[in-house]
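Data block below; observations after.
Sequence lines set the chain letters: A, B, ... in the order given, protein chains first and strands last, and positions in each chain run from 1. Just so it is clear, the model here is predicted, and its values are computed rather than measured.
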Amino acid sequence: MPAAAPSEVDRRLPPLAWACAAFAGGVLLNVDRVPPWASAVALFLIAWRLASERAGLRLPGTVARALLALALVAVVLLEFHTVNGLAAGTALLMVMSGLKLLETRARRDQFVMVGTGLSLLLAACLDRQSLARAPLYALEAWLACSALAVIASEGLEVRAALRLAGGALLIAMPLAVLLFLFFPRLPGAFWAIPRGAEATTGLSDTMSPGSIVKLVADYEPAFRVQFVSAAPAPEERYWRGPVLHDFDGHTWRRSSGAFHPRERLQYLGRPYRYRVALEPTHQRWWLALDTPAQSPASNVSLTYDNQLVAAEPVSEPVSFDAVSYLRTRSLEPLSASSRREDTARSRDNPAALALAQTLRQRAGSDAEFVTATLEYLHRGGFVYSLTPEPLGADAIDDFLFNTRTGFCGHYASAFVTLMRGAGIPAHVVTGYLGGEWNPVGGYFVVRQSDAHAWAEVWLEGRGWARIDPTAVVAPERLRRGLLDLLPDALTTRERLLRSSEWLTRLLQQWDAANAWWSDHVVRFDYPAQLDLLGRLGVRSPDVRYLGWAFMLALTLWLAIIAWHIGRAAHPAPPDALSRAYVRLCRKLARIAPARALHQGPLSYAETVRARRPDLALPVRELLERYAHLRYGRADAGAREESIEEFRRAVARLSLPAAAPVNISR
Amino acid sequence: MNAVGAHEADADAATLARALETLETVILGKPAQIRLCLACLLARGHLLIEDVPGVGKTTLAHALAHVLGLLWQRVQFTSDLLPADIIGVSIFDRASQRFNFRQGPVFTQLLLADEVNRASPRTQSALLEAMEERQVSADGTTYPLPEPFFVVATQNPHEQLGTFALPESQLDRFLMRVTLGYPDSAHERELLRGGERRELLSHVAPALSAAAVLRVQRAVRGVHVAEPLLDYAQALIARTRERSDLKLGLSPRAGQGLLRAAQAWAYLAARPAALPEDLQAVLPAVVAHRLERRDPAGGGDGDEVAREVIRAVPVPT
């Protein structure tokens with residue numbers, strides 16, 4: 001029947017479209033976590049299914065679907081070599097659900113699609129937990145719930161569905177908060193999801209002349225620091241990252257892995273106590289103010305070159321407390337193995353070697369040699385630039401005698417090469433310098449663009465001394481952030497953001513909100529739960545108390561909901577007379593059946609009389625007084641007093657429990 | 001004046017109580033129905049008594065007329081009854097050379113319309129017009145009906161053949177519809193033993209008079225209706241309009257009638273103000289004949305609907 005066809009489509013399309021929307025929302029949330037082809041396939045399949053519904057496009061048959069499924073599984077396997085792990089699992093779920101969409105006919109299938117959308121939301125939540133994404137997640141949850149509403153009740157209007165789902169989510173919100181706060185988060189439980197290889201961010205454990213420049217354009221925060229007391233000056237805020245020892249003439253690397261004893265240090269000056277909140281890098285090092293005095297956590301070791309290295313890569317936000325001293329003195333001579341490692345020279349860069357030896361011969365001591373080298377860099381016509389010319393085969397020679405332009409990596413690299421050329425132990429330290437004060441959150445935010453490299457030189461009798469050769473070339477770099485120094489390094493967007501004061505302020509507030517989010521929401525773990533219990537007054541909190549607290553809070557929440565539902569059925573008494581009457585009825589309900597909602601005062605008096613003839617008279621008198629006050633002619637002034645009198649009479653009314661009723665009569 | 005009025009009111013209340021007692025001796029075992037009928041008349045409403053033959057409809061109507069001390073006429077409705085048979089006709093008077101209007105039985109204080117659903121719609125509507133307007137028009141002249149004026153109609157619901165069921169618009173003009181039902185066994189025994197009930201009427205004196213009835217009607221209008229009671233009445237009416245299983249909810253006229261009936265009920269209970277209980281007591285009789293289920297097989301008649309409405313609406317506290 002052609003006449004029935006359009007209405008049939010009109011009727012069937014909305015639920016399907018909603019299911020598709022919920023699924024598509026889940027796909028879009030995961031777009032940056034799976035290979036592009038997976039999201040493309042899923043979105044294409046959605047479009048196909050919708051087109052088939054609207055325009056009658058043919059859908060593939062059973063065989064074609066089976067072949068497609070096999071092919072897609074094969075592609076996932078090719079891409080990941082596994083179906084285990086978050087990224088692989090998400091991609092597989094995405095494409096397989098897309099295929100499932102092609103065979104959705106019944107309402108049940110549409111529910112499955114919405115469920116898939118929610119699973120994809122869950123997958124995204126497991127991996128990406130930044131504040132900026134929270135609203136997107138909430139939107140997807142809302143979308144999916146609205147889709148459920150539309151699918152479940154045909155013909156539900158869009159606005160009604162959105163309102164229904166939104167209301168339900170809001171009601172569920174307190175429960176979500178309860179689960180969040182009190183559901184025991186036992187460490188190492190089943191939800192530890194195997195993660196595939198994740199792209200690392202931030203500093204790496206190698207440094208070639210151009211590598212840091214990639215970070216400079218990255219405005220993302222690397223970590224945030226809150227000092228317990230005063231913070232050191234910006235030019236003293238060196239954040240120690242990977243220490244690089246091996247140099248092949250072009251690239252610096254971490255050490256070969258041989259064992260080196262750690263020299264005992266004497267810490268000088270005042271200690272700086274602070275708390276660092278690291279953003280995930282998927283690298284193993286933790287960043288601390290140079291020089292950290294001890295390891296902040298049991299699974300983190302303080303290496304011989306005073307670096308903090310964790311057992312596991314930082315895949316989630318981490319925060320820790322640390323203590324550092326700005327100056328140290330070594331109490332022991334440099335171990336032979338360390339000396340060997342940090343004086344090793346490659347055969348490349350002969351000119352640099354010659355220069356080093358010349359400078360050393362002229363200088364009276366190692367310290368003087370260091371000064372002379374810095375002087376050389378200062379007066380040698382070197383220019384600080386983030387866009388240096390590329391270097392040739394002998395990179396250091398090319399830089400020192402030819403291009404003479406570069407940034408921290410070049411200078412640190414050249415300086416250490418010169419030191420080693422003169423036989424002085426030296427290595428490159430990478431990390432960050434400075435950090436921007438956020439007055440909103442009261443912390444420093446250190447961005448990837450604050451990445452820096454400097455040198456450490458072993459001076460006899462003093463130990464490792466930090467020398468920053470960049471400082472002599474571009475002293476401003478130390479005091480101000482790199483971005484202030486080289487505004488060209490900024491993208492247009494960032495320049496715009498920094499152009500006005502209130503935008504900067506806004507940016508700081510946003511960063512503070514992010515910090516709060518990752519500190520209090522993302523990192524809210526088992527110890528934090530116990531801490532919360534402690535603050536709630538539990539003396540020795542453990543998982544049992546957590547369970548109790550959860551049950552208690554859940555009961556409370558359900559009670560509140562029940563109370564609200566009950567209150568909707570019994571609207572609050574509007575005035576004093578009503579309150580007194582309701583109280584009277586409540587009292588009477590103890591000795592007789594409760595007043596039915598549709599019962600008036602006099603018929604209730606009959607109900608009470610039937611049960612308790614002995615009390616009939618006083619009860620009837622009170623109920624008649626109420627009836628008169630409520631429905632009778634009001635005698636203006638006296639009414640208030642009469643109501644008050646009635647209230648007192650109700651309060652005074654005492655109803656003996658046991659009635660001497662003679663049943664036989 | 002005031003003192004006299006108060007005295008008379010007390011006297012009227014006492015006579016009414018007596019009238020009720022008298023009626024209860026005539027119609028056995030139906031005190032609630034009798035009280036409803038009386039309330040209906042005191043609320044200036046017309047009454048429809050609906051039941052199977054032989055349960056005392058006509059006796060009740062007679063008794064009411066008698067006890068209230070009103071002039072009354074009885075019309076047995078048949079299918080060939082004409083409007084003129086009720087209203088009256090103009091007859092040419094030879095002596096005066098003009099038409100004289102001879103008043104029909106409707107010119108009385110209480111008209112007993114027996115088996116009203118047997119008459120043709122035309123005749124029915126003539127009666128119903130008189131009921132609503134309390135006047136009749138004939139040959140371009142309007143004649144007011146006496147005060148007070150009541151119609152007490154009876155009808156047999158089960159008789160189908162040769163009847164014209166009253167349409168909703170006309171049912172709406174009856175303030176109440178009362179059904180009697182069979183007496184319980186004790187009263188039935190008394191009936192069987194006692195002989196013809198209507199004869200009893202001749203032995204009792206009328207309790208009221210037309211003037212007293214008018215006075216009582218005025219007093220009923222003075223029964224206080226408080227705001228909370230109006231709230232409650234509105235909630236009840238709204239409830240009938242919300243229900244999807246009813247063809248129509250209550251009309252505003254029905255609402256007005258409901259309140260008047262409640263006032264009369266309160267007056268009969270000697271209360272100066274109407275209470276929710278009064279509304280509840282009269283509600284089934286006032287609304288049952290106005291509410292019709294969309295689906296006749298839906299179960300439950302108007303009475304049941306009315307009781308459901310009462311149960312569904314909370315009394316204001």
Side-chain angles (χ1 to χ4, degrees), chain A residues 155 565-589 593-610 619-636 638-640 642-643 646-647 650, chain B residues 2 6 9 32 35 219-240 242-243 258-259 261-284 287 304-317:
Chain A
I565 292 172
R567 217 170 63 129
H570 310 259
D575 59 6
L577 178 57
S578 290
R579 282 195 294 277
Y581 177 54
V582 167
R583 187 171 171 204
L584 173 61
C585 292
R586 217 175 289 145
K587 272 187 157 183
L588 292 175
R595 184 179 71 88
L597 280 180
H598 65 271
Q599 234 176 346
L602 296 193
S603 63
Y604 188 47
E606 285 305 300
T607 308
V608 175
R609 193 186 62 81
V619 167
R620 184 165 184 94
E621 192 267 330
L622 274 177
L623 287 170
E624 269 175 357
R625 249 159 89 177
Y626 163 76
H628 175 71
L629 286 169
R630 175 57 78 212
Y631 298 102
R633 218 178 287 273
D635 1 318
R639 188 163 187 269
E640 297 292 312
S642 312
I643 289 175
F646 172 65
R647 193 191 65 73
V650 169
Chain B
N2 219 356
R35 198 173 263 261
V220 162
R221 261 183 285 180
V223 168
H224 184 62
V225 173
E227 287 295 316
L229 191 78
L230 288 177
D231 291 342
Y232 181 54
Q234 272 191 306
L236 288 170
I237 293 166
R239 176 73 193 164
T240 65
E242 280 164 16
R243 287 180 54 135
L258 180 64
L259 275 175
Q263 284 174 301
W265 190 265
Y267 182 85
L268 285 179
R271 274 197 287 269
L275 296 186
E277 280 90 338
D278 299 322
L279 273 177
Q280 293 177 355
V282 298
L283 186 82
V287 307
E304 192 154 322
V305 174
R307 281 196 295 275
E308 280 168 23
V309 168
I310 288 174
R311 274 198 299 276
V313 180
V315 169
T317 54

Validation row: B:R271, A:L602 side chains within 4.5 angstrom (heavy atoms):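 B:R271 vs A:L602: side chains touch.
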Side chain to side chain, B:P316 and A:Y631, heavy atoms closer than 4.5 Å: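 The answer is yes, as the side chains (C-beta and beyond) meet within the 4.5 Å cut-off.
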Chain A contact via B:A274 - which portion, at a heavy-atom distance below 4.5 Å: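 The backbone, not the side chain.
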Heavy-atom contact with chain A under 4.5 Å, split by part of B:Q280: side chain
Considering all heavy atoms of both residues, which atom of [X] and which atom of [Y] are nearest to each other, and what is their separation?
X	Y	value
B:V315	A:G600	CG2-N, 4.0 Å
A:G632	B:A273	CA-CB, 3.7 Å
A:R630	B:P228	CD-CG, 3.4 Å
A:H598	B:I310	CB-O, 3.0 Å

Options A:R633, A:R595, A:Q599, A:H628, ranked by heavy-atom pairs under 4.5 Å with chain B, top entry: A:R633
Atom CD of A:E606 with >12 non-hydrogen neighbours under 6.0 angstrom: yes
